[in-house]
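The structure displayed is predicted, hence computed values, not measured ones. Reminder, nothing fancy here: chain letters follow the sequence lines and each chain counts from 1.
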Amino acid sequence: MNDHYDFIATEEKWQQHWAQAEEFVAQEDSSANKYYVLEMLPYPSGALHIGHVRNYSLGDSIARFKRMQGLNVLHPIGWDAFGLPAENAAIQRGIPPGQWTLENIATMKKQCQSMGWAYDWTREIATCSPEYYRWNQWLFVRMYQKGLVYQREGAVNWCDQCKTVLANEQVIDGCCWRDGSEVLEKELEQWYFRITEYADQLLEDLGQLEDWPDKVHRMQQNWIGKSVGCAVSFPLDEGEVKIDIFTTRLDTIYGATFLVLAPEHQLVKGWLDDSDEGRQMARFVEEMRRQGKEVRTAEDTEKQGIFTGRYATNPFDGRAIPIWIANFVLMSYGTGAIMAVPAHDQRDFEFARKYELPIQVVIQPEEGSLPPELEQAFTEHGVLANSDTFSGLSSREAQEKMVNFAQSQGFGEKSVTYRLRDWSVSRQRYWGTPIPMIHCPKCGVVPVPEKDLPVVLPKVESTRMGQSPLANLPEFVNVSCPECRGEAQRETDTMDTFVDSSWYFYRYTSAQYDSAPIRDESVRYWFPVDIYIGGVEHAILHLIYMRFFTKVMRDLGLISFDEPVRRLFTQGMVLKDGSAMSKSRGNVVSPDEVIQEYGADALRLFVLFAAPPDRDLDWSERGLEGCFRFLNRLWRILRQVQGENDPSASGSRELSQRGRALRRKTHQTIRKVTQDLERMHQNTAIAAIMELLNSVYEYSGHEEQHEVGLLKEVLEAIALLLSPFAPHFCAEMWEILGHSESITFTAWPTNDPEWAREEGISIVVQVNGKVRSRFSASPGISKEQMEALALEDEKAKGFIEGKTIRQVIVVPDKLVNIVVGKD
RNA sequence: GCCGGAGUGGUGGAAUUGGCAGACACACCAUCUUGAGGGGGUGGCGCUCGUGAGAGUGUGCGGGUUCGAAUCCCGCCUCCGGCACCA
């Protein structure tokens, strides 16, 4: 008899078995209910880290669980294979990015297999393959034709480390999301996706996402940043020109004592002439530009401005007010121009004080009135004053009436502004999807015809930093215009890799389909994704892009629903010694080494057991050992039971007292593990199985004559319940217990409510809310009986004696609380 | 500034609905097994007082609601996250 569990041989054995039997290959089957488990696809950086292990072990536990429950499970994986690290590695090591990427994929695929994750490898995708990115290009062209893609010159986020442009979502606290270096502002011509067109839908449809964490809802709401107000035009004194502003406080417009433009405002450019004022303004604008976005937008940055020498008219009262330029007005929000109401806006107030501009109170609080000399702006709603016919109205009423008035007079209307900006998608880098556009001197921008897709990324000798290598390949760049056949040039920018990951989960449903990005029936069958698991760091990157793409694909007629993911689960990070694992900190744990020493099952158990999945997890070698010991403990009892013969092997015999208790515990555990898996509490599910094993040991330690039939029954339940977490071990265990069919498709155990119910329950006796005693009773005991038994209880009596019983609270099957007076 | 989350033993964490606080595990202690190491078995383990039975106390702090609060309400403290000169 083999006393030691040989995890190395066992894990290899079952991994081979699973691969050969193709147990995880999913087939569409209209007679079966489907379940689509998705995890965020990894970037092939070189090796799996423990964060991946946690993410994919979580998903795997659900995939295996659902499969055993009889659902037709789709559990795919792929590689987010384009991106900058491949280029950097290529430069450092002198190997092509493609080679580096494919080698990494091979390594990491092996690691995935050695973890025993139940993936359908027939659907594997790599976004860097032409068969995949061809459809990026196809979608890009379709979006262009629908007016959802456009090219514009303007201020962009530039990362000088990465030598490329970044989308707003990729700038975190003014720094690059990838390398943390400071992001600069540059003027460049760029391709954009019109995500702002979908701002309202992206906000509205959050309502459909009931099973997404509130946190992600709020993050997306904040990011979209909808704000409702009005647009008002202020005519300039000179000429026909008007300045459009956006305000959420139209009720304060009689207090507007000046206008402020952003230094980058279009009008300002025309004013920077050779006059003294013009030159002064030019100097100021230049200075503000040099200040940089980070400094400019910091709240404590000193407000700086300059008078333009020009005036505009407040359309409500006809008064002329001066126009200023100042650093605190941003071109990237609203119209890049504001009406300044110093009495009722703190920023305007500070600015007015500094430059001695008038402060005009037009809102008084509901009760009392503001002092004549304000110390700070009064920013609350209130009652209007000094506002012509609107005086005396509440802010709310006034806003309604004033916008109607503005509308009737034609100088204003209701308006909505979003913080969300269009998604900048072109990148000045090599290792990405070529943008399928051609620049023709005659025809302008012409998309590559569908029949010519994919535009294959050509091989290059080197991808030296600071250059767009595609621009140096004449054979790539020079093409004939698809429309006029004249000489033309290809676009040399590539797409943001977030485009690749915005729709990959659709591709899994028909990964080899080659006449469209997706096959209709397959998407119909598998969608929506039932659960999507990944890190919360993607809450406003990938998770907003993916929702946007779904809506675009719907509007292109490819799919017919609004949201792709029913339930989102965001798992916590894996920390070591209190901080995130990173190469620079040198606290990285390698899954390979752990697998070598403890096996994949112990590792899987540990990452699922040590913390609730949605919280951060602290890596602990000791904790890992504990999980390893648990498996060995289970192995020993399994071997022991195998070696025993039941002297009275027959199911008809009555179980002993302890035997009944063990079977009861088993049914309770089945119930608990099932519930805990549904609610993503893998940690307590595993704890419950550990408890059950403890009960088995307790039973076998006490009972001289083991009911071997019962023990086998319990061990079978453990094998099934534990198999989503430790699949190799359980597959082996299942075989040892005499089953020839695979545990993968064995039905998930169900609990018998009769058995799951407690036989004798313990009733707590409280006196004044404090636990004083307990007695046992059978479930369903009447309230009267409970009360009587509690009052008879010897220990309780000691606390009641000599006191008046005021009240007795009885909670059926649980407790009796006797409330007594002081004496 | 706005919005949100968290705070429970020496440690990670349990406690689906207001009803036995500390499940499960780690660490530690005792003890058995072993030549030793390792491994394993059994028992103990919030804090204070007590030889003991037991008593008191206890879920960041201060109040409140309730027969009963880790859980609900109000006010604070600390840490973490999102947005932020956003008009």
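Geometric assessment of A:Arg567 against the ring of A:Trp212 yields a negative cation-pi assignment under the 6.0 Å and 45° thresholds.
A:Gly225 comes within contact range of no nucleotide atom at all, as no heavy-atom separation falls under 4.0 Å. A:Arg633 comes within contact range of the sugar-phosphate backbone alone, with a heavy-atom separation under 4.0 Å but no base atom that close. Looking at heavy-atom distances under 4.0 Å, A:Asp214 makes no contact with the nucleic acid at all. As judged by a 4.0 angstrom heavy-atom cut-off over every strand, A:Phe606 is placed among residues making no nucleic acid contact. Among the protein residues, A:Thr247 comes within range of the sugar-phosphate backbone only, with heavy atoms under 4.0 Å from sugar or phosphate atoms but none that close to a base. Base contact: A:Val811 has a heavy atom under 4.0 Å from a base atom.
Spacing between atom CD1 of A:Ile686 and atom C1' of B:C26 amounts to 15 Å, rounded to whole angstrom units. One interatomic measurement links the two molecules: CD of A:Gln766 to P of B:G18, which rounds to 16 Å at whole-angstrom precision. Counting to the nearest Å, the C1' atom of B:G58 and the NZ atom of A:Lys770 are 11 Å from each other. Atom pair A:Asp244:CG and B:A87:C1' shows a separation of 14 Å (rounding to whole Å applied). As a whole-Å value, the separation of A:Phe628 CZ from B:C26 P is 13 Å. Taking atom CZ of A:Phe351 as the reference point, atom C1' of B:A87 lies 14 Å away to the nearest angstrom. Atom CD in A:Glu794 sits about 17 Å away from atom C1' in B:G54, given to the nearest Å. Between the CZ atom of A:Phe234 and the P atom of B:A87 there is a distance of 16 Å, given to the nearest Å.
With sequence neighbours left out, A:Lys215 forms a salt bridge (Lys or Arg N to Asp or Glu O under 4.0 Å) with no residue at all. In this structure A:Glu350 satisfies the salt bridge (Lys or Arg N to Asp or Glu O under 4.0 Å) test together with A:Lys303, sequence neighbours excluded. Residues meeting the salt bridge (Lys or Arg N to Asp or Glu O under 4.0 Å) test with A:Arg421, sequence neighbours left out: none. Contacts of A:Glu264 classified as side-chain hydrogen bond (donor to acceptor under 3.5 Å, both in side chains), with partners at least two apart in sequence or in another chain: A:Arg296. By the side-chain hydrogen bond (donor to acceptor under 3.5 Å, both in side chains) test, A:Gln766 is found to be paired with no residue, residues two or more places apart in sequence or in another chain being considered. By the salt bridge (Lys or Arg N to Asp or Glu O under 4.0 Å) test, A:Asp676 pairs with A:Lys672, A:Arg679, sequence neighbours left out.
Both distances falling under 3.5 Å, in either a Watson-Crick or a G-U wobble arrangement, occur for no nucleotide opposite B:A87. In this structure B:G7 sits in a base pair with B:C77, meeting the Watson-Crick or G-U test at under 3.5 Å. Across all strands shown, B:C47 forms a Watson-Crick or G-U wobble pair with B:G56, both key distances being under 3.5 Å. When both distances must be under 3.5 Å, the Watson-Crick or G-U wobble mate of B:A15 does not exist. Summarising the base pairing, B:A27 is matched to no nucleotide, lacking a Watson-Crick or G-U wobble pair whose two defining distances lie under 3.5 Å.
Legend: salt bridge (charged side-chain N to carboxylate O under 4.0 Å, His left out) pairs involving residues 770-785 of chain A, not counting sequence neighbours: none detected. Legend: side-chain hydrogen bond (donor to acceptor under 3.5 Å, both in side chains) pairs involving residues 321-334 of chain A, not counting sequence neighbours, sorted by first then second residue: A:Ser227-A:Tyr333. Residue pairs meeting the salt bridge (charged side-chain N to carboxylate O under 4.0 Å, His left out) criterion with at least one member in residues 329-346 of chain A, sequence neighbours excluded: A:Asp345-A:Arg347.
Spacing between B:C79 and B:A25 at atom P, rounded to whole Å, works out to 35 Å. Spacing between B:U59 and B:G9 at atom P, rounded to whole Å, works out to 9 Å. Rounded to a whole angstrom, the distance from the C1' atom of B:U65 to that of B:C2 is 30 Å. On the C1' atoms, B:U31 is 45 Å away from B:C80, given to the nearest whole Å. B:U11 and B:C61 have their P atoms separated by 15 Å, with the value rounded to a whole Å. Comparing the P positions of B:U71 and B:G58 gives an interatomic distance of 13 Å, to the nearest angstrom. Rounded to the nearest Å, the gap between the C1' atom of B:G39 and that of B:G35 is 16 Å.
Ring geometry for A:His538 versus A:His542: interplanar angle over 60°, hence perpendicular rather than tilted (30 to 60°). Below 30°, between 30° and 60°, or above 60°: for A:Phe628 and A:Tyr598 the angle between ring planes is above 60°, a perpendicular geometry.
A salt bridge links A:Lys226 with A:Asp200: the distance from a Lys NZ or Arg NE/NH1/NH2 to an Asp or Glu carboxylate oxygen falls below 4.0 Å.
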Scan nucleotides 79-86 of chain B against the protein and return all N/O pairs shorter than 3.5 Å with their distances rounded to 0.1 Å.
| unit_1 | atom_1 | unit_2 | atom_2 | d |
| --- | --- | --- | --- | --- |
| B:G82 | N2 | A:Asn222 | ND2 | 3.3 |
| B:G82 | N3 | A:Asn222 | ND2 | 3.2 |
| B:C83 | O3' | A:Arg419 | NH1 | 3.0 |
| B:A84 | OP1 | A:Arg419 | NH1 | 2.0 |
| B:C85 | OP2 | A:Thr297 | O | 3.1 |
| B:C85 | O3' | A:Arg347 | NH1 | 3.0 |
| B:C85 | O2' | A:Phe328 | O | 3.1 |
| B:C85 | O2 | A:Lys303 | NZ | 2.2 |
| B:C85 | N3 | A:Lys303 | NZ | 2.9 |
| B:C85 | N4 | A:Thr301 | O | 3.1 |
| B:C86 | OP1 | A:Arg347 | NE | 3.3 |
| B:C86 | OP1 | A:Arg347 | NH1 | 2.8 |
| B:C86 | O5' | A:Arg347 | NH1 | 3.2 |

Expected rows: protein N/O vs nucleotides 9-13 of chain B N/O, under 3.5 Å:
| unit_1 | atom_1 | unit_2 | atom_2 | d |
| --- | --- | --- | --- | --- |
| B:G12 | O2' | A:Ala610 | O | 2.6 |

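Each of A:Leu693, A:Ile686, A:Leu692 was scored for a side chain to side chain contact (heavy atoms under 4.5 Å, CB included) with A:Met690, with one residue passing: A:Ile686.
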Q: Quick one, give me the B/S/- string for nucleotides 27-34 of chain B, reading 5' to 3', where B means a protein heavy atom under 4.0 Å from the base and S means that only happens at the primed atoms, P, OP1 or OP2.
A: S-------
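The nearest heavy atom of RNA chain B to A:Arg772 and to A:Gly769 marks one nucleotide each, and the one closer to the 5' end goes with A:Arg772. When the nearest nucleotides of RNA chain B are assigned to A:Leu815 and A:Val819 by heavy-atom distance, the more 5′-ward of the two goes with A:Leu815.
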